[in-house]
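Data first, discussion second: the structure below is written as structure tokens.
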Amino acid sequence: MIRTSLKTHLLAAAAVATLVAPVTAQAAGFALKEQSISGLGTAFAGITAGGNGDISAMFFNPATMGLVQNHELVQTITGVIPDSKPTSATATRFAPLPPGSRGVIAGNASPGDVAQDAILPAGYAAFSVSPDLKLGLSMNGPWGMVTDYGSDWVGRYHGVRSDLRTYNFTPTVSYRLNPTLIVGGGVQIQYAKAKLSSSIDAGLLTGIPALAGRFDTMGDLIGDSWGVGMTAGVLYQPVKGTRVGLSYRSSVYHELEGSSYFTGPPLPRSPFQNQAIKAKLVTPDVVSLGAYHDLNDRWAIMSDVQWTNWSRFRELNVTFANPALNSRTIENWKDTWFFSVGSAYKATDALTLRVGAAYDQGAVDTEHRSPRIPEADRMWLSIGAGYKVTDSLQLDAAYSHVFVKDSTVALRDSGLPSDPNRGRGNLDSQFKNSIDLIGVQARLTF
């Protein structure tokens with residue numbers, strides 16, 4: 001029979017906390033930089049200074065839209081192919097449980113590639129009101145990911161499926177103040193939607209040791225929200241052929257509202273009932289600095305530095321209609337840096353070749369890393385090309401391979417009432433990770 005004591009409520013709250021926490025705080029694996037194919041070819045080096053040569057740079061710095069001479073449309077499509085495989089995964093129940101409920105948590109230790117491939121589009125439009133004033137609109141998906149382990153894997157109490165998608169609409173304006181300085185800004189109108197799942201060891205709530213692991217309940221949380229932010233930037237050209245860009249993209253605050261759904265054995269007096277939920281999601285703010293320089297008529301070199309304020313995400317509070325299930329999870333993510341260098345070579349008047357490399361810092365240490373996002377430091381190698389088909393039409397393509405450092409998940413369940421992992425057990429796993437990116441882009445000027 002299910003106990004309705006304070007101990008039961010604490011265990012229930014800890015169990016549902018895992019449904020939301022990891023996905024609202026991810027670093028490099030959560031940020032989708034792939035918003036420009038011409039930029040992808042140089043690993044986004046110089047894009048904050050408009051080094052890619054088209055208006056897709058306005059996502060990174062709205063002032064770069066001021067480089068447009070006439071009207072311009074750009075459409076990009078990127079195939080994002082992540083690969084994340086857990087190896088040697090083991091899970092055990094925490095020691096304070098009665099002897100009959102201790103031991104190994106059974107399940108699939110090798111679920112294969114848990115990261116889901118995706119197609120990421122982005123669209124841009126810029127209109128020249130005058131030689132100095134430009135108006136534009138960009139449509140992007142700046143944050144998102146999907147991982148799925150299957151309901152039978154050994155770490156199911158820490159997370160099964162994580163699905164987060166965002167859609168950004170940004171009206172933008174730029175203005176050339178003088179021959180050397182352009183300023184720009186925009187308003188981010190952002191829609192976010194999340195669906196997160198994990199198993200709950202409801203058998204622990206019975207107080208009968210033999211039932212631990214025998215009455216799994218699947219919990220799904222679904223919520224969405226609209227939020228508003230801003231973006232601003234400057235572009236400085238001290239001499240012809242040299243540009244420096246600085247930009248800021250603000251955080252966007254969301255209060256996700258939706259419902260929780262629990263499916264599993266019909267245990268009496270279970271606290272896991274379908275109900276309304278709320279959870280806060282805050283995307284990080286980003287500061288970028290880029291430089292571009294023409295060495296001669298054929299060669300250009302460029303670089304970018306980006307700082308992402310992940311440290312603002314320290315904890316997550318989830319509110320349920322039943323206050324007994326309310327949860328608080330400590331995250332403690334850290335700020336990250338992204339450094340890239342690249343070069344472009346104008347092989348002919350129509351053909352431009354690009355190459356780039358980048359270092360992308362991870363945002364989470366081993367003690368806080370979740371299997372939902374087993375990310376780590378990574379290195380980018382990129383190549384690309386742009387071909388001018390006509391005076392009005394240019395096509396671009398690019399490929400990047402991202403070498404992701406092997407990561408470790410080592411989560412501990414102390415059994416203490418205040419432990420957010422209470423009831424989920426200990427989980428240890430190594431992860432082999434990598435990402436491939438391939439994209440195409442079309443630019444139309446008129």
_So, taking the atom named OG1 in Thr283 and the one named CZ in Arg312, what distance separates them when rounded to the nearest 0.5 Å?_
8.0 Å

*Any idea which heavy atoms bring Leu67 and Ala49 closest together, and the distance?*
CD1-O, 4.5 Å

*asked:* Take a 6.0 Å sphere around OH of Tyr359 and say whether it holds more than 12 heavy atoms from other residues, nucleotides or ligands.
replied: yes

*Check whether the side chains of Tyr124 and Asp54 place a donor and an acceptor atom closer than 3.5 Å, and report yes or no.*
no

_Please check: side-chain N/O of Ser174 versus main-chain N/O of Val183, any donor-acceptor pairing under 3.5 Å?_
no

*In plain terms, say whether Arg354 and Asp396 are close enough for a salt bridge, that is, a side-chain N and a carboxylate O under 4.0 Å apart.*
yes

_side-chain hydrogen bond (donor to acceptor under 3.5 Å, both in side chains) between Asp436 and Tyr399, intermediate numbers included_ = CA-CA 8 Å; Asp436 288 292; Tyr399 168 76; 2.5 Å; yes

*Does the distance from a Lys or Arg side-chain N to an Asp or Glu carboxylate O, for Asp83 and Lys432, drop under 4.0 Å?*
no

*asked:* I'd like to check Ile373 versus Met145 (side-chain heavy atoms, cut-off strictly below 4.5 Å). Are they in contact?
replied: yes

*Establish, from distance only, whether the side-chain atoms of Asp216 and Tyr157 form a donor-acceptor pair under 3.5 Å.*
yes

*Measure from the side-chain N and O atoms of Ser88 to the backbone N and O of Ser429, and report whether any donor-acceptor pair falls under 3.5 Å.*
no

*Which atom pair, heavy atoms only, marks the closest approach of Ser198 to Arg372?*
CB-NH2, 3.7 Å

*Looking only at non-hydrogen atoms, find the nearest pair between Leu411 and Pro371 and report the distance.*
CD1-CD, 3.8 Å

*Check step by step if side chain to side chain contact (heavy atoms under 4.5 Å, CB included) holds for Phe44 and Trp380.*
CA-CA 10 Å; Phe44 302 104; Trp380 297 54; 3.8 Å; yes

*Going by the side chain to side chain donor-acceptor pair (under 3.5 Å) test, name the single residue among Lys278, Lys280, His254 that passes it with Ser225.*
His254

*Would Ser311 and Asn309 count as having a side-chain donor-acceptor pair, cut-off 3.5 Å?*
yes

*Would you say Arg369's side chain and Thr408's backbone share a donor-acceptor pair under 3.5 angstrom?*
yes

*Write down the atom of Ala57, the atom of Gly50, and the distance for their closest heavy-atom approach.*
CB-CA, 4.2 Å

*Which of parallel (below 30°), tilted (30 to 60°) and perpendicular (above 60°) describes His401 and Phe403?*
perpendicular

*Heavy-atom check, side chain of Ile435 versus side chain of Arg378, under 4.5 Å*: yes

*State the CZ-CD distance between Phe59 and Glu34, to the nearest 0.5 angstrom.*
10.0 Å

*Is it true that the side chains of Asn168 and Gln190 contain a donor and an acceptor less than 3.5 Å apart?*
yes

*Salt bridge or not for Asp113 and Lys85, using N-O below 4.0 Å?*
no

*For the atom pair CG (Leu351) and CD (Gln394), what is the distance rounded to the nearest 0.5 Å?*
9.5 Å

_Inter-residue atom distance Thr319.OG1 - Leu256.CG, 0.5 Å rounding_ = 11.5 Å

*Looking just at side-chain N and O atoms, do Asp377 and Gln361 make a donor-acceptor pair shorter than 3.5 Å?*
no

*Any side-chain heavy-atom pair of Ile119 and Ile77 under 4.5 Å*: yes

*asked:* Distance alone, cut at 3.5 Å: any donor-acceptor contact between the side chains of Lys134 and Ser128?
replied: yes

*State whether a side-chain donor-acceptor pair under 3.5 Å links Tyr167 with Asn140.*
no

*Neighbour count >12 (heavy atoms, 6.0 Å) for atom CG, Asn178*: yes

*Positive for side-chain contact (heavy atoms from CB on, under 4.5 Å) with Ile37, one of Asn52, Val74, Thr78*: Thr78

*Stepwise side chain to side chain contact (heavy atoms under 4.5 Å, CB included) check, Phe60 with Met58*: CA-CA 5 Å; Phe60 302 87; Met58 66 191 284; over 6 Å; no

*With respect to Thr48, which candidate in Asp304, Leu246, Val305 satisfies the side-chain contact (heavy atoms from CB on, under 4.5 Å) definition?*
Asp304

*Verify, without hydrogens or angle tests, whether Ser340 (side chain) and Ala357 (backbone) share a donor-acceptor contact under 3.5 angstrom.*
no

*Other residues, nucleotides, ligands: >12 heavy atoms within 6.0 Å of Asn296 CG*: yes

_How close do Ala106 and Val154 get, counting heavy atoms only, and between which atoms?_
C-CG1, 4.1 Å

_For Trp143 and Trp310, take the angle between the two ring planes, folded into 0 to 90°, and tell me which bin it lands in: parallel under 30, tilted 30 to 60, perpendicular over 60._
perpendicular

_NZ or CZ of Lys33 within 45° of Phe338 ring axis and under 6.0 Å_ = yes

*asked:* On a heavy-atom basis, which atom in Thr76 and which in Ser36 lie closest, and how many Å separate them?
replied: CG2-CA, 4.4 Å

_Worked check of salt bridge (Lys or Arg N to Asp or Glu O under 4.0 Å) between Asp297 and Lys346_ = CA-CA 8 Å; Asp297 292 342; Lys346 195 171 183 180; over 6 Å; no

Less than 3.5 Å apart, which donor and acceptor atoms pair up between the side chains of residues 229-242 and the rest of the protein, not counting sequence neighbours?
{"residue": "Thr231", "atom": "OG1", "partner": "Tyr248", "partner atom": "O", "Å": "3.3"}
{"residue": "Thr242", "atom": "OG1", "partner": "His293", "partner atom": "ND1", "Å": "2.7"}

*Lys195 with Asp220: basic N within carboxylate O range, under 4.0 Å*: no

*Take the angle between the ring planes of Trp337 and Trp307 and call it parallel below 30°, perpendicular above 60°, tilted in between.*
tilted

*asked:* Test your reading of the model: is there a side-chain donor-acceptor pair from Arg176 to the backbone of Pro179, 3.5 Å cut-off?
replied: yes

*asked:* Between Ser407 and Glu375 (side chain of the first, backbone of the second, donor and acceptor by atom type, cut-off under 3.5 Å), is there such a pair?
replied: no

*Are Arg412 and Asp428 ion-paired here, with the side-chain N under 4.0 Å from a carboxylate O?*
yes

_Would Asp148 and Arg161 count as a salt bridge (Lys or Arg N to Asp or Glu O under 4.0 Å) here? Give the steps._
CA-CA 4 Å; Asp148 195 336; Arg161 182 177 175 86; 3.0 Å; yes

*Donor-acceptor pair, side chain of Gln188 and main chain of Thr170, under 3.5 angstrom*: no

*asked:* When you compare the side chain of Phe446 with that of Asn70, does any pair of heavy atoms fall below 4.5 Å?
replied: no

*Establish, from distance only, whether the side-chain atoms of Thr390 and Ser392 form a donor-acceptor pair under 3.5 Å.*
no

*asked:* To the nearest 0.5 Å, what is the distance between OH on Tyr387 and OG1 on Thr348?
replied: 6.5 Å

*Please check if any side-chain donor atom of Ser414 sits under 3.5 Å from a side-chain acceptor atom of Asp419, or the reverse.*
yes

*Is the shortest distance from a Lys or Arg side-chain nitrogen in Asp285 or Arg249 to a carboxylate oxygen in the other one below 4.0 Å?*
no

_Separation of Asp152 CG from Ser199 OG (nearest 0.5 Å)_ = 9.0 Å

*Check: Ile55 main-chain N/O paired with Glu72 side-chain donor or acceptor under 3.5 Å*: yes

*Parallel, tilted or perpendicular, as decided by the 30° and 60° cut-offs, for the rings of His71 and Phe127*: tilted

